[in-house]
Amino acid sequence: MKSSRVTSPVLRVGLMLMCALWTVSGWYFVATQSFSTKPIRSTVVTTVNGPGAVFAGAIFVVLGLVALAILLQGKGTQKATQFWLVGLLFAIPAAVVFV
């Protein structure tokens, strides 16, 4: 199976937005170790604390990394540049969260 590059500008912008959204929200969940949701027409608030929130945050961070990997595959970037971009997306927020 041959991989194809992402060339659509609309798809690339969508992936950039999703990468940013997933990564920021994932690191926020990890940093606060909680998140809550409230449906529009309900008074019930669901709150997730502790390991469940950290796990959900980790899933969002991984989704952000996958979106970034797809974006980096589409351009003629070098392997070293790809490695450093993915590493910075993961390492800098992790250092801020855990310090």
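Source: prediction; values computed, not measured. If you read the sequence from its start, that first residue is 1, and numbering goes on from there.
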Looking only at heavy atoms, what is the nearest atom pair of [X] and [Y], with distance?
X   : Y   : answer
C19 : A67 : CB-CB, 3.8 Å
I70 : L15 : CG2-CD1, 3.5 Å
A53 : V48 : N-CG1, 3.6 Å
F60 : S25 : CG-OG, 4.0 Å

Q) Hydrophobic clusters join Ile, Leu, Val, Met, Phe, Trp and Tyr when side-chain heavy atoms are under 4.5 Å apart, directly or via other members; which others share one with V13? A) L17
**Q.** ILVMFWY cluster, W27 and V24 together (side-chain gap under 4.5 Å)
**A.** no
State the [atom1]-[atom2] distance between [X] and [Y], to the nearest 0.5 angstrom.
X   : Y   : atom1 : atom2 : value
M16 : L11 : CE    : CG    : 10.0 Å
T23 : L21 : OG1   : CG    : 8.5 Å
W22 : L68 : CH2   : CG    : 12.0 Å

Donor-acceptor contacts, no H, no angles, side chain residues 32-39, under 3.5 Å, sequence neighbours left out:
unit_1	atom_1	unit_2	atom_2	d
T32	OG1	Y28	O	2.9
T32	OG1	S34	O	3.0
K38	NZ	S42	O	3.1

Q: Could I get the full list of ring pair (Phe, Tyr, Trp, His ring centres under 6.0 Å) partners for F55, not counting sequence neighbours?
A: none
